[in-house]
Protein chains: 2
Amino acid sequence: MSVGHIAVTTPAPAEPVISCETPQEECGVRDVLDRLGDKWSVYVVVELAAGVHRFRQLQRAVPGISQRMLTLTVRRLERDGLVKRTVYATVPAQVEYELTAMGHSMTHLIKALADWSIDHRGAIADARRSWDAEHEAP
Amino acid sequence: MSVGHIAVTTPAPAEPVISCETPQEECGVRDVLDRLGDKWSVYVVVELAAGVHRFRQLQRAVPGISQRMLTLTVRRLERDGLVKRTVYATVPAQVEYELTAMGHSMTHLIKALADWSIDHRGAIADARRSWDAEHEAP
DNA sequence: CAGAATCCACAACGATACTG
DNA sequence: CAGTATCGTTGTGGATTCTG
């Protein structure tokens with residue numbers, strides 16, 4: 001366990017698991033989860049992991065995203081230092097997006113997430129079905 | 001790379017990175033992210049990773065959560081098969097929550113997330129500061 | 001104790017229209 | 001092409017009240 005701020009997989013006695021200095025600060029975990037939790041960031045990062053993209057190219061690569069949401073998403077990722085944005089002063093305008101080193105380091109995390117999801121999607125779907133079956137309107 | 005559905009850390013040529021059968025289905029990754037992305041699930045799971053909790057005990061352990069949100073959160077986790085809920089027919093009522101095997105398997109993921117967050121929280125904060133400095137109102 | 005139910009505020013998202 | 005601006009809808013979460 002590299003960092004050890006969180007003790008997991010220990011069905012042991014009940015002790016505080018997060019031992020941040022200030023629990024309210026949430027250890028900065030929230031900062032990451034907010035980015036991962038919004039609807040599009042993960043897909044944009046995954047797409048950019050494949051290489052540099054221009055705006056439209058990125059929008060086409062992420063099916064269903066509106067240009068407003070793409071703008072907001074890449075802005076946030078840029079602000080967090082995960083994505084680098086390069087503007088070329090051409091006509092018409094041209095902008096390229098690529099992951100920073102930190103952005104690339106996060107793709108490992110996303111891959112782990114995706115792997116776990118794929119491995120357990122069936123079990124989760126089954127759990128939901130049986131839960132729904134037991135809790136339907138009487 | 002265990003599963004290989006996602007190619008990461010490869011700043012290589014632009015190729016589709018997610019190779020789901022149906023991209024719209026989102027590979028079930030959304031299912032996990034929706035759970036991880038909401039405001040409280042992670043903290044509840046982390047808390048339950050330490051052992052069995054009763055409702056009030058859990059609420060006290062997760063500072064700031066309302067009982068409505070705790071109810072909703074544990075219900076969703078239960079529905080997904082990540083948490084097991086046991087009701088004891090005592091007076092007053094008593095309910096115990098604990099992670100299932102699948103729930104425990106997810107704590108590895110959360111730990112990886114937390115480690116990454118802690119390792120990069122400083123860099124992210126710096127990136128945000130400099131971004132904000134460059135984009136303040138003229 | 002463990003919750004269900006209700007009401008309300010706000011943020012997130014989508015669709016559309018317009019601009020350099 | 002790469003956005004910005006505005007509007008309307010939906011979803012999420014908090015506070016409060018009530019119940020077995």
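Here the structure is a predicted model, which is why all the values come from computation and not from measurement. Every chain is numbered from 1, with letters handed out A, B, ... down the list of sequences.
Over its full length, the helix from dC1(C)-dG20(D) to dG20(C)-dC1(D) turns its helical axis through 40°, comparing axes from the five pairs at each end and rounding to 10°.
A straight line from CG of Leu72(B) to P of dA4(C) spans 9 Å, rounded to a whole angstrom. What separates CG of Leu33(B) from P of dA12(C) is a distance of 16 Å, to the nearest Å. Atom NE2 in His53(B) sits roughly 15 Å away from atom P in dC1(C) (whole-Å rounding). Following rounding to the nearest Å, Asp34(A) (CG) and dA11(C) (P) show an atom-to-atom distance of 13 Å. The distance between atom CD of Gln59(A) and atom P of dG14(C), rounded to the nearest whole Å, is 11 Å. For Asp38(B) and dG14(D), the CG to P distance is 11 Å, given to the nearest whole Å. Atom CZ of Arg56(B) is separated from atom P of dC1(C) by 6 Å (rounded to the nearest Å). When the C1' atom of dC7(D) is taken as reference, atom CE of Met69(A) falls 13 Å away, rounded to whole Å.
When distances run from any side-chain atom of Ala93(A) to the nucleotides dG3(D), dA2(D), dG3(C), the shortest one goes to dA2(D). For Arg60(A), counting side-chain heavy atoms from C-beta on, the closest listed nucleotide (dG3(D), dC1(D), dA2(C)) is dC1(D). Side-chain proximity of Trp40(B) to the nucleotides dG3(D), dG14(C), dG13(D) is greatest for dG13(D). Residue Pro92(A) has its side chain nearest to dC1(D) when only dC1(D), dG3(D), dG3(C) are considered. The side chain of Thr71(A) sits closest to dT4(D) out of dC13(C), dT4(D), dA2(D).
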Carefully, step by step, assess Val83(A) and Val44(A) under the rule side chain to side chain contact (heavy atoms under 4.5 Å, CB included).
-> CA-CA 10 Å; Val83(A) 161; Val44(A) 170; 5.5 Å; no

For residues 63-76 of chain B, dump all side-chain donor-acceptor pairs below 3.5 Å to protein atoms at least two apart in sequence or in another chain.
| from | atom 1 | to | atom 2 | distance (Å) |
| --- | --- | --- | --- | --- |
| Ser66(B) | OG | Met69(B) | N | 3.2 |
| Thr71(B) | OG1 | Gln67(B) | O | 2.8 |
| Thr73(B) | OG1 | Met69(B) | O | 2.6 |

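In terms of phosphate contacts, Tyr97(A) brings a side-chain nitrogen or oxygen within less than 4.0 Å of OP1 or OP2 of dG3(D). Between Arg75(A) and dT4(D), a side-chain N or O to OP1/OP2 separation shorter than 4.0 Å is present. Lys39(A) has a side-chain polar atom (N or O) that falls below the 4.0 Å cut-off from OP1 or OP2 of dG14(C).
Here Asp132(B) does not pair with Arg129(B) in a salt bridge; the nearest charged N to carboxylate O distance is not below 4.0 Å.
Of the inter-residue distances, the one linking Leu36(B) atom CG with Leu33(A) atom CG reads 5.5 Å to the nearest 0.5 angstrom. Atom CG of Asp80(A) and atom CE of Met106(A) lie 9.0 Å apart (nearest 0.5 Å).
Contact check for Asp31(B) versus Arg35(B): no side-chain heavy atoms found under the 4.5 Å cut-off.
Side-chain contact annotation: Arg56(B) with Gln59(B), donor-acceptor N/O pair under 3.5 Å present.
Among residues at least two apart or in separate chains, there is no ring pair (Phe, Tyr, Trp, His ring centres under 6.0 Å) pair with a member in residues 68-89 of chain A.
Residues forming a side chain to side chain contact (heavy atoms under 4.5 Å, CB included) with Glu98(B) (at least two apart in sequence, or on another chain): Val52(B), Lys84(B), Thr86(B). Taking the side chain to side chain contact (heavy atoms under 4.5 Å, CB included) definition, one finds that Val95(A) meets it with Arg85(A), Val87(A), Tyr97(A), sequence neighbours left out.
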Under-3.5 Å N/O pairs linking protein and nucleotides 5-9 of chain C:
none

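The 5' end of DNA chain D is approached more closely, in terms of each residue's nearest nucleotide, by Val74(A) than by the other of Ser66(B) and Val74(A).
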